[in-house]
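The sequence lines fix the lettering, A, B, ..., with proteins before strands; numbering per chain opens at 1.
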There are 2 protein chains.
Amino acid sequence: MAADPLSRVFAALADPTRRDMVARLTLADATVNELAAPYDISLQAVSKHVRVLEEAGLVSRSRSAQRRPVHLEAEVFDLMTKWLERYRRAAEERYRRLDDVLASMPDGVTPTLPTDDSPTPPEGGARP
Amino acid sequence: MAADPLSRVFAALADPTRRDMVARLTLADATVNELAAPYDISLQAVSKHVRVLEEAGLVSRSRSAQRRPVHLEAEVFDLMTKWLERYRRAAEERYRRLDDVLASMPDGVTPTLPTDDSPTPPEGGARP
DNA sequence: CTCGTTCTCAACCGGTTGGTTGAGCAATGA
DNA sequence: TCATTGCTCAACCAACCGGTTGAGAACGAG
């Protein structure tokens, strides 16, 4: 199976059904049956989805009678947030730098293109 | 191809090679060849990865001579951050609530659950 | 025009994924 | 004890994914 935690989390959330489950689990824990209700796929398919979420560390299951209530875990969200925040900030910074360049430029002038073997200063696309 | 934007973004980031590319693109734009350098996979494979990132809106390409410099886009990170933040907060809140319940509980007492209207008899963890 | 460089398209392959159906375990209520 | 409820395991299938190789488009330099 796919090695690292981050990959598993992202992969788990790449499915809309699974994201919907996560959304509903923020409101309350739920059994597999409850989770399955809104979708018209088999119970087994839902069970598989839950398993994927579990292996990604996004949810945990306990046992209460025959039920296996599914519970959303917060920790992994922190992991993601941390990863995301780092790159979001970097990307935004570069974005802002680009804005500065554009702002200081007379209308419609194509910037002198930097040779890209240098640490590439921004250049590029018409931003909406 | 897979419908919604969020799914595409998560799927794109579920691959460690692609995440590494994103990381490097926060430092500077890069050509496909430059991106390919560190990995020992074919150039075509790298090209495919870039395509996936592009279709997810994480990256854009302009044209400069034969080169197609790859540029990191910030916007999609905001989309993700927004999604994430919403659920992270919710998950954390529920987590804290559980802590409160546990803290205010004499040892071994079955909690009268703050039963949110939901049919969820949640029940904490210590199940052998 | 021809050559080299950069990159993409197309076809293919093995493994994974999202779904199915069928069988079956485990706990409870009767 | 036994049927019911809640869920999982196993086998299977079509579609997709990450990788390969081979061919070739687009562009700039001589």
Q: Take A:Arg61 and B:His49, find for each the nucleotide of DNA chain D with the closest heavy atom, and name the residue whose nucleotide sits nearer the 5' end.
A: A:Arg61
Q.
Output the rounded distance in Å from CG (A:Asn33) to P (D:dG6).
A. 6 Å
Q) Which nucleotide sits closest to the side chain of A:Arg18: C:dT8, C:dG18, D:dC7? A) C:dG18
**Q.** Length of the line joining A:Arg8:CZ and C:dT17:P, which is rounded to integer Å
**A.** 11 Å
Q) What are the two closest heavy atoms between A:Ala11 and A:Arg18, and how far apart are they? A) O-NH2, 3.3 Å
Q) Rounded to the nearest Å, what distance is computed from the CZ atom of residue A:Arg51 to the C1' atom of nucleotide D:dC7? A) 12 Å
Q: Specify the separation, in whole Å, of atom CG of B:Leu43 and atom P of D:dA23.
A: 17 Å
Q.
As a test of reading the structure: which of D:dG18, C:dC7, D:dC7 is closest to the side chain of B:Asp15, going by heavy atoms?
A. D:dG18
Q) From D:dG18, D:dT20, C:dA23, pick the nucleotide closest to the side chain of A:Gln44? A) C:dA23
Q) Of the nucleotides D:dG19, C:dG19, D:dT8, which one has an atom closest to the side chain of B:Lys48? A) D:dG19
(Q) Under 4.5 Å between side-chain heavy atoms, counting indirect links through other Ile/Leu/Val/Met/Phe/Trp/Tyr residues: same cluster for B:Val52 and B:Ile41 or not? (A) no
Q. How many Å lie between CG on A:Leu53 and C1' on D:dC7, as a whole number?
A. 16 Å
Q.
It should be established whether B:Ser47 places a side-chain nitrogen or oxygen under 4.0 Å from OP1 or OP2 of nucleotide C:dT8.
A. yes
Q) For the residue pair A:Val50 and A:Val59, what are the closest heavy atoms and their distance? A) O-CG2, 4.1 Å
Q: Let me know the distance between CD of B:Glu55 and P of C:dT8, rounded to the nearest Å.
A: 12 Å
**Q.** Nearest-nucleotide pick for A:Ser42, side chain only, options being D:dG19, C:dG18, C:dT21
**A.** C:dT21
Q: Taking B:Ser7 for its side chain and A:Ala14 for its backbone only, find out whether a donor-acceptor pair lies under 3.5 Å.
A: yes
